[in-house]
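Side chains included, hydrogens not; waters and symmetry mates left out as well; all remaining heavy atoms used. Residue numbers run from 1 in the order of the sequence given.
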Amino acid sequence: MSLTKEQRQELIDVLDRTGQHRKEGVAQKAIPEKMYEYTKLVDREEQIITVDECAVPFRIVITKAKDRAAGCPLLFNMHGGGFIFKQDSDDDLFCARLAAELHAIVVDIDYASSLDDPYPAAFDQCYGIIKKFIAEARELGADPNKTATLGHSAGGCLVMSIALRANETRDFTLGMQVMDYAANDNYFPLVTPGNERSRAFSLLYTDGDEELLKDPHVSAIYATDEMLKNMPRTLIINAAKCPFCEMNEELGMRMVKMGNEVTMKRFTESRHGFTIRFVDEWDEAQTLIVDQLRTL
């Protein structure tokens, strides 16, 4: 059963009422000058596109290192924002850094907002564009064997969901995945007191379908051990002050037990969103991501 117009508005009102910290963070944010320097080393192109998996058009931003060579890495970034908010300039700067330091092509996916198109729209868009670009990698001048997905918060959920689906379909193989304070359990806000904002994000994502929130492609914490076999090499970045921290570490250890190579780091002085928002230990986290991707 879908959300009624009234139920949807109530959830949106919750997000408006509880979003003061987000507004304050945007107002107080100071972007380091070095991040702007990376933009001088890349070319950037925007496209509006559709994929076979989803008829809803969406925007992608392709960032290419000016000094890239044939056979360069091909990376895919998925922003955070509770499946509600769209990509912003912080991701542009992060992608410029990735492209510049790794001499790579980065496809930043500005997937559908669940306010307009709930699950599976965003998932289908991300999966479809990754499948398309990996199939065309050599035409782009990239190496289809040097690929990685990166996702932050809601985007981290999409990263893991995509790996699970790719394991099922064998449509493509990823060299690596990076989950950054990933929202890998979107059911827990419904049963844990004090998570009103997260609950609103979750219910809007699945259009009010509570049982769907337990689907492994929506909340990877519910994946079976069998589903967790043969995952791409994985980097998990957690923030100690993030509600997803311990559950992501639990998921990472389950992946290890199923024979996967997993690197995890908990940033003890950081909050949810820190890597992309240039707060707390952001530079250390971004540097770790770049260093890991150098091994593709």
(request) Give a yes or no on whether the backbone of Gly81 and the side-chain of Ser153 come within a donor-acceptor separation of less than 3.5 Å. (result) no

(request) May I ask you to decide if Lys257's main-chain N or O and Asn260's side chain share a donor-acceptor pair within less than 3.5 Å? (result)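 A pair under 3.5 Å: no.
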
Which residues satisfy the side-chain contact (heavy atoms from CB on, under 4.5 Å) test with [X], sequence neighbours excluded?
X: Asp215; answer: Leu212, His217, Val218
X: Ala148; answer: Leu75, Met176, Leu293, Leu296
X: Thr39; answer: Leu93, Ala96

Counting C-beta onward and ignoring hydrogens, is there a side-chain heavy-atom pair between [X] and [Y] closer than 4.5 Å?
X: Ile276; Y: Asp91; result: yes
X: Asp110; Y: Val61; result: no
X: Thr275; Y: Ile289; result: yes
X: Met179; Y: Thr149; result: no

(request) Measure across Cys157 and Ala182 and return the closest heavy-atom pair with its distance rounded to 0.1 Å. (result)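 Smallest interatomic distance, heavy atoms only, reads N-CB, 4.0 Å.
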
(request) Sequence neighbours left out, what passes side-chain hydrogen bond (donor to acceptor under 3.5 Å, both in side chains) with Glu281? Give chain and number order. (result) Ser270

(request) Go through the structure and list residues passing side-chain hydrogen bond (donor to acceptor under 3.5 Å, both in side chains) with Gln9, not counting sequence neighbours. (result)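 Here the qualifying residues are Asp13.
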
(message) Can you list everything that forms a salt bridge (Lys or Arg N to Asp or Glu O under 4.0 Å) with Lys66? Sequence neighbours excluded, please.
(response) none

(request) Using the test salt bridge (Lys or Arg N to Asp or Glu O under 4.0 Å), find all partners of Arg254 that sit at least two apart in sequence or belong to another chain. (result)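 If we apply the salt bridge (Lys or Arg N to Asp or Glu O under 4.0 Å) test to Arg254, skipping adjacent residues, the hits are Asp225.
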
(message) Between Phe85 and His79 (judged by ring centroids, cut-off 6.0 Å), do the two rings come close enough to count as a pair?
(response)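 Not under 6.0 Å, so no.
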
Say you draw a straight line from [atom1] of [X] to [atom2] of [Y]; how long is it, rounded to the nearest 0.5 Å?
X: Gln292; Y: Thr287; atom1: CD; atom2: OG1; answer: 12.0 Å
X: Ile105; Y: Lys64; atom1: CD1; atom2: NZ; answer: 5.5 Å
X: Asp117; Y: Cys54; atom1: CG; atom2: SG; answer: 6.5 Å

Does anything in [range] form a ring-ring contact (aromatic ring centres under 6.0 Å, His included)? List the pairs, not counting sequence neighbours.
range: residues 179-202; result: Tyr181-His272, Tyr181-Phe274, Phe188-Phe244
range: residues 275-296; result: Phe278-Trp282
range: residues 52-77; result: none

Please set out all donor-acceptor pairs under 3.5 angstrom arising from side-chain atoms of residues 123-141, sequence neighbours excluded.
| unit_1 | atom_1 | unit_2 | atom_2 | d |
| --- | --- | --- | --- | --- |
| Gln125 | OE1 | Ala112 | N | 2.7 |
| Gln125 | NE2 | Val56 | O | 3.1 |
| Tyr127 | OH | Thr169 | OG1 | 2.5 |
| Tyr127 | OH | Asp171 | OD2 | 2.7 |
| Lys131 | NZ | Glu53 | OE2 | 2.7 |
| Lys132 | NZ | Glu136 | OE2 | 3.0 |

Looking at [Y] and [X], is any side-chain nitrogen of the basic one under 4.0 Å from a carboxylate oxygen of the acidic one?
X: Arg8; Y: Asp207; answer: yes
X: Arg44; Y: Asp108; answer: no
X: Glu37; Y: Lys34; answer: no

(request) Scan residues 175-196 for pairs that pass salt bridge (Lys or Arg N to Asp or Glu O under 4.0 Å), counting only residues two or more places apart or in two chains. (result) Arg17-Glu196

(request) Mark yes when over 12 heavy atoms from residues, nucleotides or ligands other than Glu246 sit less than 6.0 Å from its CD; otherwise mark no. (result)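 Open: at most 12 neighbouring heavy atoms sit under 6.0 Å from CD of Glu246.
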
(message) Please determine whether side chain to side chain donor-acceptor pair (under 3.5 Å) holds for the pair Gln87 and Tyr111, giving the CA-CA distance in whole Å, both sets of side-chain angles, and the decisive distance to 0.1 Å.
(response) CA-CA 8 Å; Gln87 186 261 21; Tyr111 52 83; over 6 Å; no

(request) Under the side chain to side chain donor-acceptor pair (under 3.5 Å) rule, what do Arg59 and Gln47 come out as? Steps first, then yes or no, please. (result) CA-CA 6 Å; Arg59 186 178 72 116; Gln47 296 181 11; over 6 Å; no

(message) Determine whether Asn230 and Asn167 satisfy the following criterion, side chain to side chain donor-acceptor pair (under 3.5 Å), listing intermediate values before the conclusion.
(response) CA-CA 7 Å; Asn230 303 312; Asn167 261 3; 5.9 Å; no

